[in-house]
Amino acid sequence: VPAIIWTSAIMALTKTPITVLTSITPIITLVIGLSDSIHILAHFRNELRNNDSSKEAVIHSFSEMIIPCFFTAVTTAMGFFSLTLTNIELVSQFGIFTGIGVLLAFLNVITFTSSVLSFSKKKVFQRSLLESEKLTPFFLFCNELSTKHPKKFMLVNVLLFIFSFYSAFQIPSLAHLVGDISFQHPVRKNMEFAENNYNGVFFLNVFLKGKTENALSSYQTLKAVEDI
C-alpha cells in the first residue's frame, strides 16, 4: 500500500492524469508487492525454527532472499519500462509509472516489512506454522502421485494444452467500434453491411487546433466544422 501511495504522489508531482491504463498501476503494484512479501514471510517463518530472536530471523531471511527479489523486481520493472518505446502516450505513461511502482514496492518490502517482522512475536508465527502444516499432507500426496505416474500426468497436460490452444481461437472478438449501439440501429446495420460485403470501415480523424484559446468556439467555426 505505501508503494501505491508513493507512485500516486509521483504522478501528482509530474501532473500525470489517471487514464484507463494508469488506473491499473495500483493493482499491479499491489500484486507484485504482495508476492515479494510472501516470499520473505515464508522464508522468515522457516528461519524462526532455527533462531530464538525475530531480529535474527529477519536478518537471515533478507540476506538470502534480497538478491532474488531484487532481480525479480528489476526485470519486471524493465519489462514495463520497455513500453516507453511505443509512440502511444497512454501506453508509455502506463509503463513508466508501473515500473516505478514495482521498484517502490520492492523498496517498501526491504524497509517497512523487515521493520514489522523484527517486532513480531515468535509464538504467533508458531501457531500459524501449525495451521499451515495441515495442508502439507495434501501437497505431499499430490507430489507423490505425480512422481509415480509421470507419463500420465504429462499426457494430461499435453491434451489440456492442445484443447486450450484450440479454444483460444474460438474466443469471439467484441472490440467493435459501435458495440454499444443496438443491433437494430441504422448505423450498426450499415457498418456490419460494409464489413461483411466490402473491406470494412475506416475512420478518418481530423484534429483542429486554433491559434487562440477560444478560436473554435464561435458559431461560424462550429458551423464550418459541421459542414466538413
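Atom set for the values below is all heavy atoms of this structure, side chains included, hydrogens, waters and symmetry mates excluded. Start at 1 with the first residue, then count along the sequence.
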**Message:** Please determine whether residues F70 and W6 belong to a single hydrophobic cluster, defined as Ile, Leu, Val, Met, Phe, Trp and Tyr linked transitively by side-chain heavy-atom distances below 4.5 Å.
**Reply:** yes
**Prompt:** About how many Å separate NE2 of H185 and CG of N190, when rounded to the nearest 0.5 Å?
**Reply:** 10.0 Å
**Message:** Is there a path of hydrophobic side-chain contacts, each under 4.5 Å between heavy atoms of I/L/V/M/F/W/Y residues, joining F106 to M65?
**Reply:** yes
**Item:** Over all atoms of both residues, closest heavy-atom pair of A3 and G101
**Value:** CB-O, 4.2 Å
**Item:** M11 vs Q93 side-chain heavy atoms within contact, under 4.5 Å
**Value:** no
**Asked** Where the side chain of N157 meets the backbone of F153, is there a donor-acceptor pair that is under 3.5 Å apart?
**Response** yes
**Of I96, T16, I100, I5, the residue whose pairing with I10 passes side-chain contact (heavy atoms from CB on, under 4.5 Å)** = I100
**Fill in**
Value for CG (D227) from CG (L222), rounded to nearest 0.5 Å, stands at 11.0 Å
**Side chain to side chain, L90 and V20, heavy atoms closer than 4.5 Å** = no
**Item:** Any F80 side-chain heavy atom under 4.5 Å of T25 side chain
**Value:** no
**Request:** Decide yes or no for F94 and T19: does some side-chain heavy atom of the first lie under 4.5 Å from some side-chain heavy atom of the second?
**Result:** no
**Message:** Run F81 and L103 through side-chain contact (heavy atoms from CB on, under 4.5 Å) and show every step you take.
**Reply:** CA-CA 11 Å; F81 286 146; L103 295 178; 4.1 Å; yes
**Item:** Note, T76 side chain near F71 side chain (heavy atom, < 4.5 Å)
**Value:** no
**Prompt:** Would I67 end up clustered with M78 when hydrophobic side chains under 4.5 Å apart are linked, directly or stepwise?
**Reply:** yes
**Asked** Are L83 and V102 in one and the same hydrophobic cluster, where Ile, Leu, Val, Met, Phe, Trp and Tyr link if side-chain heavy atoms are under 4.5 Å apart?
**Response** yes
**Request:** Evaluate the side-chain hydrogen bond (donor to acceptor under 3.5 Å, both in side chains) criterion for residues S218 and T221: first the C-alpha distance (whole Å), next the side-chain angles of each, then the deciding distance (0.1 Å), finally the verdict.
**Result:** CA-CA 5 Å; S218 64; T221 304; 2.7 Å; yes
**Prompt:** Looking only at heavy atoms, which two atoms of S23 and P26 are closest? And how far apart?
**Reply:** O-CD, 3.4 Å
**Request:** Give, for atom CD of Q170 and atom CZ of F165, the distance between the pair rounded to the nearest 0.5 Å.
**Result:** 11.0 Å
**Request:** Determine yes or no for a side-chain-to-main-chain donor-acceptor pair under 3.5 angstrom, with S92 supplying the side chain and I88 the backbone.
**Result:** no
**Item:** Any side-chain heavy-atom pair of L104 and T29 under 4.5 Å
**Value:** no
**Message:** Is there a continuous path of hydrophobic side-chain contacts, each under 4.5 Å between heavy atoms, that joins I66 to V74?
**Reply:** yes
**Message:** Using 0.5 Å steps for rounding, measure from the OG atom of S167 to the CG atom of L160.
**Reply:** 9.0 Å
**Asked** Can you find a pair of side-chain heavy atoms, one from I40 and one from C69, that are under 4.5 Å apart?
**Response** yes
**Request:** Under 4.5 Å between side-chain heavy atoms, chaining through other members, with only Ile, Leu, Val, Met, Phe, Trp and Tyr counted: pull out the rest of the cluster around L34, sorted by chain and number.
**Result:** I4, L30
**Prompt:** Which pair of non-hydrogen atoms, one from P17 and one from T22, has the smallest distance, and what is that distance?
**Reply:** O-OG1, 3.6 Å
**Message:** Donor-acceptor pair, distance only, cut-off 3.5 Å: does the side chain of T98 make one with the backbone of G95?
**Reply:** no
